[in-house]
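Report on the following structure.
For this chain, numbers begin at 1 and follow the sequence in order. These numbers come from a predicted model, not from an experiment. In what follows, every heavy atom counts, from backbone to side chain, and hydrogens, waters and symmetry copies are set aside.
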Amino acid sequence: MLFRSYLHPKDSYKIALGSCLHQDHPAPIWSAIEENNIDSFFFLGDNIYGDTPSGLPWKLKSSYNKQKEALPTWLMSKDIHVIWDDHDFGKNDGGSSYRFKEYAQNLYIDFWGIDDEDPRANREGIYFQQLQNINGLKVLFVGLDTRYFRSDIEEKDDVYQPNLEVDATILGDIQWEWLKETVKQEHDLLILASSIQVLATEHRFEKWSNIPNERSKLLLLLENLDSRVIVVSGDRHRAGLYQYNDIIEITASSLNRPTYSDETDTLLLGKTYTENNFGLISIEKTKIEISVINVDNQKLESIIVEI
């Protein structure tokens, strides 16, 4: 296993996060993000919109080229973490059966400048881990690949139905074993990135509960850790905070693709927000603030957790 340790001496280390960033649309949200003097940005998927209705990957490369010109130059001086979702994977709501996934991964690795020595450049899937020392805390970043290995799920009347097959999977066997070994590393805080929502169960779209046995396995793994756990997710074109026992999830979406509909969930804290937004995790020595912030730099929801 490859673990890298970085020392960050600042009193407050700020990680912004977001998803659903269309390369053809303006993104004024970056001004609000810059105002927060962030140290890091976590791209949570749909970092381009390169999929096509046919599933052919002809649009992926040109979408990356446009996004390269659109991203603010100041951002590239920050620590960048990244996972993908369906629109940069190459197929809307796609999974393991997508036939161009290897080609899509090669474009992803090239665009994000992933080094040849990085495991992602030499294996299937874009999952990763990195350990950082932040304000005396051992912070373990884990990015999951919820696309490359995911079993098929079916829609009925525009609602995704649960896949109850005993061997149905989101992460696949190899990624699961990697995850179980990775979280054994000594750490105080786990920031676990999943492109699709882990905690929410009541909406009709993609989510971990589409494959219930996988969600149960993941929650059991996380609950048995001695560390504080924060799940970060995107995908939904809405933002919100969720809680299951001691596990907090922030969904931050979208950066520039808003939607307009109401939604709630048993595990939701407060409400969801469909305006353009980003998430912000501020890490101090003894506490963490997790916030949803809009394009006007206003906090829409916020929670403080103790370390």
Side-chain angles (χ1 to χ4, degrees), residues 10-49 66-83 85 87-88 191 193-197 199-200 203 205 230-243 248-265 267-284 287-305:
K10 291 176 58 176
D11 290 338
S12 179
Y13 185 83
K14 296 181 179 180
I15 306 162
L17 45 119
S19 63
C20 305
L21 181 67
H22 201 296
Q23 67 278 354
D24 294 331
H25 295 190
I29 195 76
W30 288 119
S31 294
I33 295 171
E34 185 179 18
E35 288 175 15
N36 282 273
N37 191 28
I38 65 169
D39 300 281
S40 175
F41 192 88
F42 210 135
F43 287 90
L44 297 174
D46 295 338
N47 309 308
I48 58 165
Y49 280 71
K66 286 184 179 180
Q67 197 65 285
K68 185 176 182 179
E69 298 300 319
L71 290 175
T73 55
W74 62 263
L75 183 65
M76 296 303 103
S77 67
K78 309 299 180 181
D79 286 343
I80 300 295
H81 304 290
V82 58
I83 56 173
D85 199 32
H87 296 296
D88 35 359
I191 297 179
S194 166
S195 66
I196 58 174
Q197 288 182 306
L199 295 186
H203 61 76
F205 303 98
I230 300 173
V231 177
V232 294
S233 60
D235 175 57
R236 295 297 325 290
H237 303 268
R238 68 177 64 246
L241 300 176
Y242 302 78
Q243 184 168 5
I248 302 292
E249 179 171 358
I250 177 172
T251 299
S253 173
S254 70
L255 291 167
N256 71 349
R257 298 269 334 248
T259 188
Y260 307 97
S261 62
D262 293 327
E263 181 179 295
T264 189
D265 190 274
L267 299 179
L268 179 67
L269 304 176
K271 56 181 287 189
T272 63
Y273 299 85
T274 57
E275 61 193 279
N276 288 334
N277 66 83
F278 65 97
L280 188 68
I281 300 174
S282 298
I283 301 174
E284 300 180 15
K287 67 179 182 179
I288 303 165
E289 183 174 10
I290 308 165
S291 305
V292 175
I293 302 175
N294 69 10
V295 71
D296 296 317
N297 209 11
Q298 298 173 327
K299 286 184 183 179
L300 303 177
E301 292 285 350
S302 185
I303 186 173
I304 293 176
V305 296

Task: Full working for side chain to side chain contact (heavy atoms under 4.5 Å, CB included) between Ile293 and Leu300 - done: CA-CA 6 Å; Ile293 302 175; Leu300 303 177; over 6 Å; no
- [ ] Test side chain to side chain contact (heavy atoms under 4.5 Å, CB included) on Leu75 and Phe43 and set out the steps.
- [x] CA-CA 12 Å; Leu75 183 65; Phe43 287 90; 3.6 Å; yes
Task: Step-by-step ring-ring contact (aromatic ring centres under 6.0 Å, His included) determination, Trp74 to Phe41 - done: CA-CA 11 Å; Trp74 62 263; Phe41 192 88; 8.2 Å; no
Open item on the list: Between Val295 and Glu275, is the side chain to side chain contact (heavy atoms under 4.5 Å, CB included) condition met? List the steps.
Closed with: CA-CA 8 Å; Val295 71; Glu275 61 193 279; 5.6 Å; no
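Considering every non-hydrogen atom in both Ala200 and Gln197, the closest pair reads CB-OE1, 3.6 Å. Minimum interatomic distance between Ile29 and Asn294 (heavy atoms only, all atoms of both residues): CD1-C, 3.9 Å. Closest heavy-atom contact between His203 and Phe205: ND1-N, 3.1 Å. Listed here is the closest heavy atom pair of Asn276 and Pro258: OD1-CD, 3.1 Å.
Considering CD1 of Ile15 and CZ of Phe42, their distance stands at 9.0 Å, rounded to 0.5 Å. We find the CG-CD1 distance between Leu269 and Ile303 to be 5.5 Å, quoted to the nearest 0.5 Å.
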Would you tabulate the side-chain donor-acceptor contacts of residues 16-25 under 3.5 Å, counting partners in other chains and residues two or more places apart, or write 'none'?
unit_1	atom_1	unit_2	atom_2	d
Ser19	OG	Asp235	N	3.3
Ser19	OG	Ala252	O	2.9
Ser19	OG	Ser253	OG	3.4
His22	ND1	Asp24	N	3.0
Gln23	OE1	Tyr49	N	2.8
Gln23	NE2	Tyr49	O	2.9
Gln23	NE2	Ser63	OG	3.1
Asp24	OD1	Lys66	NZ	3.1

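Residues Glu263 and Thr272 have side chains that never bring a donor and an acceptor to within less than 3.5 angstrom of each other.
Remark: the backbone N or O of Ile83 is paired with a side-chain donor or acceptor of Asn47 at under 3.5 angstrom.
With sequence neighbours excluded, the residues satisfying side chain to side chain donor-acceptor pair (under 3.5 Å) with Ser302 are Glu289, Ser291.
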